[in-house]
Amino acid sequence: MSQADVKGRGAVSDVRLPPRGRDQPPQPASRRTTFYGTLFRNELHTTFRRWRTLALLAVLAAVPILVGIAVKIETGDGSSTTGGGGGPAFISQITNNGLFLVFTALAATLPFFLPMSIGVIAGDAIAGEANAGTLRYLLVAPAGRTRLLLTKYATVMTFCLVATLVVAVSALTVGAVLFPLGDLTTISGTQITFAEGLGRALLIALVVAASLTGVAALGLFVSTLTNSGIAAMATTVGLLITVQILDQIPQLHALQPYFFSHYWLSFADLMREPVYWDDLVKNLGLQALYAAVFGSAAWARFLAKDITT
Amino acid sequence: MAPYESDDSVTAADAEELRSARRRKAARYVVPATVVGIAAATIGLVPALADSGDPDLPKISAQELIEKIAASDVQQLSGTVKITTDLGLPDLGGLESSLGSAAGPSGSGDSSADPTTKLTELASGTHTLRVAADGEDRQKVSLLENAAEYSLIHNGKDVWGYDSKSNSVFHTTASGSEGKQKEELPATPKDLAQDALKAADKTTSVTVEGTAQVAGRDAYRLVIKPKDEGSTVGQITVAVDSKTGLPLKFTLTPASGGSAVVDAGFTQVSFAKPAAATFDFTPPKGAKVEEGDAPKASGHAEHPGKGPSKDLGKGAADEFGKNGPEGLNVIGDGWDSIATFDTGGQGVPSGSEVGGDMGGFLDSLGDKVSGGFGKGTVFKTRLINALITDDGKVYVGAVTKDALVKAADAAK
């Protein structure tokens with residue numbers, strides 16, 4: 001892996017910019033933008049070429065398949081839908097409309113699978129490079145630490161979006177294969193067309209991806225604290241689980257609105273008619289706050305860090 | 001000496017540089033700290049700023065305000081209502097929900113879309129409802145749940161209940177009993193306010209005390225206070241929209257102080273005509289449709305065979321007023337009225353009689369009292385208290401413990 005990494009990094013030096021010192025004039029803006037784009041593309045390339053990333057995406061894609069098959073078997077003998085109202089949100093509607101599998105799959109993966117994979121990618125972002133000894137090579141290139149950190153965060157955010165879309169597309173495919181599609185009933189009882197349903201599904205996927213930006217920033221901050229990629233991943237996932245547990249304890253209700261996971265399931269409010277925006281706005285605001293706090297903390301830490309590896 | 005000197009100065013300069021570098025490093029953490037500070041300040045200040053004083057409205061008497069409410073003819077509205085109920089019942093956790101659906105066919109996973117089962121849920125905690133109305137014939141109330149919603153839709157002669165969580169549908173016909181149907185939904189502040197005003201007579205003081213902002217609208221505050229000493233009701237506040245006369249918020253505070261027992265109010269309201277599609281409902285494919293009886297002229301939309309269990313959730317007042325056991329008497333009037341009936345049984349066994357953990361549990365629920373009537377147990381909530389005497393008589397009312405004991409003594 002490290003061999004591949006070093007090779008991947010090689011592409012950065014192909015830009016052939018001289019190392020920029022303090023006494024040299026700044027590069028023209030256009031060159032910097034180009035260089036920034038190159039750095040981002042390289043980061044994306046490195047991240048998405050890893051077997052680890054692909055395995056995570058495969059696991060995420062498998063969840064809707066499992067849910068779809070389970071629901072199909074459960075209701076295959078002609079019995080009616082699961083009437084209990086238990087299980088993830090929207091599960092009772094899947095047999096009538098495959099599009100609901102998208103919502104169910106996102107509701108099933110959002111509490112754990114999705115943030116866990118974000119935690120792995122974000123935790124690895126800086127600490128993994130430091131661990132593999134590639135971080136200082138990255139810094140030799142005239143990128144600057146701030147820009148490297150921004151690039152890393154942008155890469156993690158891209159992964160958030162890709163991971164969410166993988167779940168949604170997999171769920172839509174499985175839903176279309178196993179169940180009928182058509183006009184759907186919102187949870188408020190009104191009817192919307194299939195096209196509008198698809199539009200809402202896309203909107204929900206975007207909101208789910210945005211819900212993960214807080215965890216991503218937290219993971220990146222943890223990643224700047226240590227030189228061990230595994231430790232950063234474990235800490236991020238551990239924090240995630242802890243917060244999820246604390247969110248269930250009724251005595252802490254005064255604190256709970258500030259937990260990053262508290263409003264995650266508000267994406268379901270997009271399926272109401274008219275859409276109930278209150279919690280959605282709170283969720284997005286909270287994610288922005290987490291991104292700002294932990295993003296700037298990561299910046300402060302990363303710029304102050306002694307990089308020896 | 002020169003080398004030493006130069007060495008010294010280099011070391012000093014290095015140390016100085018190191019220190020200043022450390023300071024720079026530390027200074028960077030000011031950024032996240034500032035972000036946290038700004039966020040905390042915003043969270044703290046924005047509600048305070050938004051609550052920018054009460055609106056200035058022309059003075060109005062209580063009588064005029066009540067007339068305004070009575071004359072209010074809001075036909076079209078849509079909005080969001082938040083209801084918080086804190087009866088001070090012991091937190092029974094799972095027991096509570098199992099009581100609510102104990103007799104239901106599906107046990108724990110009660111999937112019935114029958115409206116009466118949903119009323120139990122409103123009896124505790126905070127709930128968000130959405131209401132929409134367009135004239136007499138079309139109303140909709142939705143109870144927002146986690147990733148699900150329970151909607152009750154009245155459109156023409158059809159009344160639909162739709163529970164999206166279990167994808168089940170309840171259907172009944174209104175058959176010219178719109179008024180009745182409305183009574184089943186104490187969701188809008190208007191209904192609650194009307195109930196409160198009904199009780200207004202010589203035992204009650206009704207005043208207008210200032211103004212308030214509710215859901216972004218200027219409103220008068222109508223304060224209703226019982227004159228009787230024995231009542232557990234402290235005061236009832238109704239915020240009435242200054243333009244339309246629609247009650248926007250209803251708050252019931254207990255005499256014992258503390259948070260409101262019932263607090264129901266619009267958080268957002270619009271008087272525009274709701275979209276027609278809001279009231280359209282066709283049962284989704286594959287949904288279970290349960291047909292209910294048309295509501296009887298005097299009763300509720302009850303299911304035969306399910307009745308007794310449903311009654312649990314109907315609120316104490318309703319229970320005693322309409323469906324109480326045989327031999328129900330009401331002592332007193334106004335706020336101090338106490339309902340009494342004879343169970344003919346033995347009353348509540350005391351802890352020592354039952355013994356063990358169960359005895360301790362029983363004792364912890366009620367207070368032992370004794371008086372001229374003999375002995376008994378008082379069960380308290382923040383609003384309703386009940387005295388069960390050892391010879392099986394029950395006294396219930398929104399009155400203090402002393403008033404209950406006095407009533408029991410008088411009845412002896």
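A note on names: the letters A, B, ... follow the listed sequences, proteins ahead of strands, and every chain is numbered from 1.
With a 4.5 Å cut-off on non-hydrogen atoms, B/Gln268 does not touch chain A at all. Neither the backbone nor the side chain of B/Ile38 comes within less than 4.5 Å of any heavy atom in chain A. Interface residue A/Glu273: only backbone heavy atoms are found under 4.5 Å from chain B. B/Ser78 does not touch chain A: none of its heavy atoms, backbone or side chain, sits under 4.5 Å away. With a 4.5 Å cut-off on non-hydrogen atoms, A/Tyr258 touches chain B through its side chain but not through its backbone. When heavy atoms are compared at a cutoff of 4.5 Å, A/Thr186 approaches chain B solely by way of its backbone atoms N, CA, C and O. Using a 4.5 Å cut-off between heavy atoms, A/Pro250 does not touch chain B at all. Proximity to chain A (any heavy atom under 4.5 Å) is shown, for B/Ser164, by both the backbone and the side chain.
No side-chain heavy atom of B/Phe281 sits less than 4.5 Å from a side-chain heavy atom of A/Thr190. Contact annotation: the side chain of B/Tyr29 approaches that of A/Arg301 to within less than 4.5 Å [non-hydrogen atoms, C-beta and beyond]. At least one side-chain heavy atom of A/Arg272 sits under 4.5 Å from a side-chain heavy atom of B/Arg130. Taking 4.5 Å as the limit, some side-chain heavy atom of B/Arg217 sits within range of a side-chain heavy atom of B/Leu248. Within the 4.5 Å cutoff, the side chain of A/Lys152 has heavy atoms near those of the A/Leu220 side chain. Looking at B/Val159 and B/Ile153, their side chains never come closer than 4.5 Å, going by heavy atoms from C-beta outward.
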Pairs of donor and acceptor atoms involving the side chains of residues 291-299 of chain A, under 3.5 Å and at least two apart or interchain, shall be tabulated with distances.
from     : atom 1 : to       : atom 2 : distance (Å)
A/Ser296 : OG     : A/Ala292 : O      : 2.7
A/Ser296 : OG     : A/Val293 : O      : 3.0
A/Trp299 : NE1    : A/Thr146 : OG1    : 3.2

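For the 3.5 Å distance criterion, the side chains of A/Gln93 and A/Asn97 fail to qualify, holding no donor opposite an acceptor. There is a side-chain donor-acceptor pair under 3.5 Å between B/His171 and B/Glu291. A side-chain N or O of B/Gln76 and one of B/Asp134 form a donor-acceptor pair less than 3.5 Å apart.
For A/Ala105, the side chain to side chain contact (heavy atoms under 4.5 Å, CB included) test picks out A/Pro64, A/Val167, A/Ala171, with sequence neighbours left out.
Each of B/Asn167, B/Val289, B/Leu152 was scored for a side chain to side chain contact (heavy atoms under 4.5 Å, CB included) with B/Tyr162, with one residue passing: B/Asn167.
To the nearest 0.5 Å, atom CD1 of residue A/Ile187 and atom CZ of residue A/Phe103 are 10.0 Å apart.
Contacts of residues 272-280 of chain B with chain A at a heavy-atom distance below 4.5 Å involve B/Ala277, B/Thr278, B/Asp280, listed in sequence order. Scanning residues 194-205 of chain A against chain B with a 4.5 Å heavy-atom cutoff picks out nothing at all.
Contact detail for B/Lys82 and B/Thr128: the closest heavy-atom pair is CE-OG1, 3.7 Å.
For chain B, the option among A/Gly189, A/Ala268, A/Ser266, A/Ala107 with the highest count of heavy-atom pairs below 4.5 Å is A/Gly189. The residue among B/Leu144, B/Ile43, B/Thr80, B/Val35 with the most heavy atom pairs within less than 4.5 Å of chain A is B/Leu144.
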